[in-house]
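Letters A, B, ... are given to chains in the order of the sequence lines, protein chains preceding strands, and every chain is numbered from 1.
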Amino acid sequence: MTVRTRFAPSPTGYLHIGGARTALFNLLFARHHGGKFILRVEDTDVARSTEESIQAILDGMSWLGLNWDEGPFFQSRRFDEYRKYAGELLEKGLCYRCWCTPEELEARREAAMKEGRTPKYDGRCRDRKDSPDKPFAVRFKVSGGVTSFNDVIKGTISFDNSILEDLIILRSDGTPTYNFCVVVDDATMDITHVIRGDDHINNTPKQILLYEALGHSLPIFAHLPMILGSDKARLSKRHGATSVMAYRDMGFLPHALINYLARLGWSHGDQEIFSMEEMIEKFSLESVGKSSGVFNPEKLLWLNQHYIKETPAETLVPILEPLVDELGVKSAATDPRIVKIVETLKERSKTLKEMAEGALVYFREKIEYDPKAAQKFLTPDMAELFTILIERLGGLQDFSHSGLETAFNSILEEKTIKLGKLAQPVRVALTGGTVSPGIFEMIEAMGRDTTLKRLADALGFITAQVPAA
RNA sequence: GGUCCCAUCGUCUAGAGGCCUAGGACGGUGCCCUCUCACGGCAUAAACCGGGGUUCGAAUCCCCGUGGGAUCACCA
């Protein structure tokens, strides 16, 4: 039997962190077993589903590289199918018509709550003989007994059916409801493994009963633990960004997020870094943990930095482009210096956003000095050194890291000073501050023209400081 | 509240009764490297929720307690 898994988001928002991980695990499991991964959009709630949201989810999936094999299927286009099965269940007497209105139901629920009873449909239409000429909903007859299943992740879970109520599978307007659509779809799409968040555990007994009513064999269930925020509450907006695309905009590499998500709830010994191929090869539901995990942005950052370091600068440039562009530098990606610039930033950027900010200094027309840095390093005694440096760099044949180092060293020897004495003032002259990439790699990346101009500007600044006396 | 799930360093986790003096990773701290910031290297602090069993032996199995989470719709 071919393994078939599915990811079934409802389009009422963006693809979020939790959904992405569910999709990832479904994909990994399917790929590991040489099966199919299916995408199904659960848009039965026409009022809440939006076109933008569908697009946002698709965008998020493609950005992460979570490619599906079949679909997307839309439940909104399969209403006839659901009605067909509902009709069959009605005929078999496994369902019944219910004429109670939502208002009546709501009133009874409130009354029950007030009396401290657990609100539950009383089944009053179950054996109703008349059939009023009014809209009716279709309810599923929940039988007695115990429903249990063996969850691959959580183990055996049992429910007493008495806690379940006769659920509505077709609303009075004829549209089908969630639990019914899920079962009809999973059954007709031959889904073999239902891998989803454990917030669905409570839906499972209802769905199992529906499977049985439909006469279909059960899939294997695997309920993934939830992802929590730092306060251990379910991850939500107030914990920070939860939209997958927000991470792209913050300068994360898609695989960094994938790797992070994979390790949140799943592990393979002590290994932290996984390529997609390795994840597929090593993934198994048995090594998914039972307990929920806290989303840790610090570790994501670490992984992102790791992958930035691993990625060739040439590959980074196009990904970086929109982020630099956003900061007002339109020509960065086509600047011949860009690859070298990225090289100087790779080792010190946790995100591409940070890298883009770091790149700005190479493109500025004029450098503004940090007052403290200027006061400390652009001192009158530097005028001579800067003059010499400008002259040497202007005539330097080999304007590379090693060539520059040689040039600097000869000056240091002549003046018997240490590199620090010269490097910091030059750093301030070139960047305006005291923090930057290594001085030689930076000068090489910056290029001769920009470097000389900035040194000359700094020299001007220094001499202007000297009192006319 | 009913029902269900969960419980190892701050966080992600390894751990399938003796290999545990509980390992790794992120983060923290200290040192080294060094032209600044980083990278890197080395070192270090830090956990089996509590109580009962079972067993020669329990982080691992069972029960109870406690704590956290989820879910209870003509939402999905």
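Side chains of Y82(A) and D185(A): a donor-acceptor N/O pair is present below 3.5 angstrom, by distance only. Donor-acceptor pairing under 3.5 Å is lacking for the side chains of Y178(A) and N203(A).
Look at U34(B): it lacks any Watson-Crick or wobble partner with both distances under 3.5 angstrom. Pairing for G57(B) is absent, with no Watson-Crick or G-U wobble pair whose two atom distances lie under 3.5 Å. When both pairing distances are held under 3.5 Å, A43(B) makes a Watson-Crick or G-U pair with U29(B). Nucleotide G65(B) forms a pair with C49(B), judged by Watson-Crick or G-U wobble geometry with both contacts under 3.5 Å. With a cut-off of 3.5 Å on both Watson-Crick or G-U wobble distances, the partner of C74(B) is given as none. Summarising the base pairing, C20(B) is matched to no nucleotide, lacking a Watson-Crick or G-U wobble pair whose two defining distances lie under 3.5 Å.
Within 6.0 Å of atom OH in Y14(A), 12 or fewer heavy atoms from other residues, nucleotides or ligands are found, so the atom counts as exposed in its surroundings. Taking a 6.0 Å sphere around CD of E278(A), one finds it holds more than 12 heavy atoms contributed by other residues, nucleotides or ligands.
Counting any heavy atom pair closer than 4.0 Å across all strands shown, I157(A) reaches sugar-phosphate atoms only and no base atom. Residue L419(A) is in base contact, counting any heavy-atom pair closer than 4.0 Å across all strands shown. Base contact: N203(A) has a heavy atom under 4.0 Å from a base atom. Nucleic acid contact class of G265(A) (heavy atoms, under 4.0 Å, all strands): sugar-phosphate only. When heavy atoms are screened at a 4.0 angstrom cut-off, K309(A) is found touching the sugar-phosphate backbone but no base atom. Nucleic acid contact class of S158(A) (heavy atoms, under 4.0 Å, all strands): sugar-phosphate only. Note on F159(A): only backbone sugar-phosphate atoms sit closer than 4.0 angstrom, heavy atoms only; bases stay farther off.
To the nearest angstrom, C1' of C74(B) lies 13 Å from OH of Y96(A). A straight line from CD of E405(A) to C1' of U34(B) spans 12 Å, rounded to a whole angstrom. One interatomic measurement links the two molecules: CZ of R21(A) to C1' of U13(B), which rounds to 13 Å at whole-angstrom precision. Following rounding to the nearest Å, D122(A) (CG) and C74(B) (P) show an atom-to-atom distance of 12 Å. Distance K290(A) NZ to G15(B) C1': 14 Å, rounded to the nearest Å. Counting to the nearest Å, the P atom of U11(B) and the CD1 atom of I227(A) are 16 Å from each other. The CZ-P distance, from F7(A) to A76(B), rounds to 17 Å in whole Å. Taking atom CG of residue L264(A) and atom P of nucleotide U11(B), one finds them 13 Å apart after rounding to whole Å.
Counting only heavy atoms from C-beta outward, the side chains of E212(A) and S143(A) never approach each other to under 4.5 Å. Contact check for V194(A) versus R6(A): side-chain heavy atoms found under the 4.5 Å cut-off.
Ion pairing between a basic and an acidic side chain is recognised when a charged N comes within 4.0 Å of a carboxylate O; R392(A) and E414(A) show such pairing. With respect to D80(A) and R83(A), a salt bridge is recorded, a charged nitrogen being found less than 4.0 Å from a carboxylate O. Under a 4.0 Å N-O distance rule, the pair R109(A)/E106(A) qualifies as a salt bridge. Salt-bridge annotation for R40(A) and D186(A): present, with a side-chain N of the basic residue lying under 4.0 Å from a carboxylate O of the acidic one. Looking at E110(A) and K114(A), no side-chain N of the basic residue comes within less than 4.0 Å of a carboxylate O on the acidic one, giving no salt bridge. Salt-bridge annotation for R234(A) and D199(A): present, with a side-chain N of the basic residue lying under 4.0 Å from a carboxylate O of the acidic one. K154(A) has no carboxylate O lying under 4.0 Å from a charged side-chain N of D151(A), or vice versa, which leaves the two without a salt bridge. Comment: E441(A) engages R348(A) in a salt bridge, judged by a side-chain N to carboxylate O separation of less than 4.0 angstrom.
The side chain to side chain donor-acceptor pair (under 3.5 Å) contacts involving residues 368-378 of chain A comprise nothing, where partners must be two or more places apart or lie in separate chains. Legend: ring-ring contact (aromatic ring centres under 6.0 Å, His included) pairs involving residues 406-432 of chain A, not counting sequence neighbours, sorted by first then second residue: F408(A)-F440(A).
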Across nucleotides 19-33 of chain B, 5' to 3', mark each nucleotide with B, S or - according to how protein heavy atoms within less than 4.0 Å reach it.
----BBBSS------
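Taking a 4.0 Å limit (strictly below) on heavy-atom distances, residues 432-444 of chain A reaches RNA chain B at T434(A), V435(A), S436(A), P437(A), G438(A), I439(A), F440(A). Taking a 4.0 Å limit (strictly below) on heavy-atom distances, residues 98-112 of chain A reaches RNA chain B at C100(A), T101(A), P102(A), L105(A), R109(A).
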Using the 3.5 Å cut-off, write out each protein N or O paired with an N or O of nucleotides 65-70 of chain B and the distance between them.
{"unit_1": "A70(B)", "atom_1": "O3'", "unit_2": "R234(A)", "atom_2": "NH1", "d": "3.1"}

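In this model, the phosphate group of C74(B) is not approached by any side-chain N or O of T177(A) to a distance below 4.0 Å at OP1 or OP2.
The same atom, C1', is picked in A46(B) and in C9(B); the two are 5 Å apart, to the nearest Å. Comparing the C1' positions of C5(B) and A22(B) gives a spacing of 26 Å, expressed to the nearest Å. Comparing the C1' positions of C74(B) and U66(B) gives a spacing of 40 Å, expressed to the nearest Å. A distance of about 16 Å separates the P atoms of A73(B) and U3(B), rounded to the whole Å. Taking atom C1' on both nucleotides, C35(B) is separated from G30(B) by 23 Å, rounded to a whole Å. The C1' atoms of G50(B) and A43(B) are separated by 35 Å, rounded to the nearest whole Å. Of the C1' atoms belonging to A59(B) and U21(B), the separation is 15 Å, rounded to the nearest Å. Going from the P atom of A38(B) to that of U71(B) covers 42 Å, rounded to whole Å.
Considering only side-chain atoms of T44(A), the nucleotide from A76(B), U11(B), C37(B) that sits closest is A76(B). Side chain of S267(A), nearest nucleotide from C4(B), U13(B), C74(B): U13(B).
Closest-nucleotide positions on RNA chain B for S172(A) and G289(A) were compared, and the one nearer the 5' end corresponds to G289(A). Taking the nucleotide of RNA chain B with the nearest heavy atom to each of H401(A) and T118(A), the more 5' of the two is matched to T118(A).
Taking the O4'-C1'-N9-C4 or O4'-C1'-N1-C2 dihedral as appropriate, C39(B) has a value within 90° of 0 and is therefore syn.
Here the two rings, on F283(A) and W266(A), have centers that are under 6.0 Å apart. Between H239(A) and F295(A), a ring centre-to-centre spacing not shorter than 6.0 Å is recorded.
For C39(B), its base never sits under 3.5 Å from the side chain of R348(A) at any donor and acceptor pair.
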